Amino acid sequence: QVQLVESGGGLVQAGGSLRLSCAASGRTFYAMGWFRQAPGKERDFVAAIERSSSILYYADSVKGRFTTSRDNAKNTVYLQMNSLKPEDTAVYYCAAFTSTYYKGRSPNYWGQGTQVTVSS
């Protein structure tokens, strides 16, 4: 059975940093990534990374501030979030893809989500 378990969310002041982790079990994935959903808004793409780690994708709103990486030996993907802003407040969801990622593609699996709150 496939499971994606996120950790690392919390409350941080604007300008601070947080690191999210997502451990996958049950199978390996070609691509993994992150989405987020703020209250009253749709779930939006944040970042994705291919298995080789050589191909990365980021939403324009987080470029230069967020970095995604993965450890294939641990079947884990990370999201390092720096220079956080109040508008980054959302539930962050880990996502996994059974084949290559492309813009607009929906994940095959979702994690349960972890809350990130950035205070001003």
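Computed over heavy atoms, backbone and side chain alike; hydrogens, waters and symmetry mates excluded. Predicted model, so just to flag it, every value in this text is computed and none were measured.
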Separation of [Y] [atom2] from [X] [atom1] (nearest 0.5 Å):
| X | Y | atom1 | atom2 | value |
| --- | --- | --- | --- | --- |
| Y102 | T100 | OH | OG1 | 9.5 Å |
| R70 | F29 | CZ | CZ | 9.5 Å |
| K85 | S120 | NZ | OG | 14.0 Å |
| T67 | L56 | OG1 | CG | 8.5 Å |
| S99 | N108 | OG | CG | 6.5 Å |

If you compare all heavy atoms of [X] against all heavy atoms of [Y], which two are closest, and at what distance to 0.1 Å?
| X | Y | value |
| --- | --- | --- |
| V46 | V62 | O-CG2, 3.7 Å |
| F97 | R105 | CE2-O, 3.7 Å |
| F35 | R43 | CB-CG, 3.8 Å |
| I49 | S69 | CD1-CA, 3.7 Å |
| S17 | S83 | OG-N, 4.4 Å |

Under the ring pair (Phe, Tyr, Trp, His ring centres under 6.0 Å) test against Y101, which residue among Y30, Y58, F45 passes? F45

Determine whether a donor-acceptor pair (N or O, by modelled atom type, separation under 3.5 Å) exists between the side chain of T76 and the backbone of K74. yes

Side chain of N72, backbone of N75: donor and acceptor closer than 3.5 Å? no

For residues [X] and [Y], determine if any side-chain heavy atom of one lies less than 4.5 Å from a side-chain heavy atom of the other.
| X | Y | result |
| --- | --- | --- |
| V116 | L20 | yes |
| Q37 | D44 | no |
| C22 | Y93 | no |
| C94 | V77 | yes |
| R36 | D88 | yes |
| M32 | L4 | yes |
| E6 | Y92 | no |
| T98 | R27 | yes |

Would you say V91 ends up clustered with V12 if hydrophobic residues are merged whenever their side chains have heavy atoms under 4.5 Å apart, either directly or through other cluster members? no

Check whether W34 and Y109 end up in the same hydrophobic cluster, where Ile, Leu, Val, Met, Phe, Trp and Tyr are linked by side-chain heavy atoms less than 4.5 Å apart. yes

Centre of Y78's six-membered ring, under 6.0 Å away, within 45 degrees of the axis: is that where NZ or CZ of R19 sits? yes

Run the numbers on Q115 and T117 for side chain to side chain donor-acceptor pair (under 3.5 Å), then give the verdict. CA-CA 6 Å; Q115 178 69 46; T117 302; 3.3 Å; yes

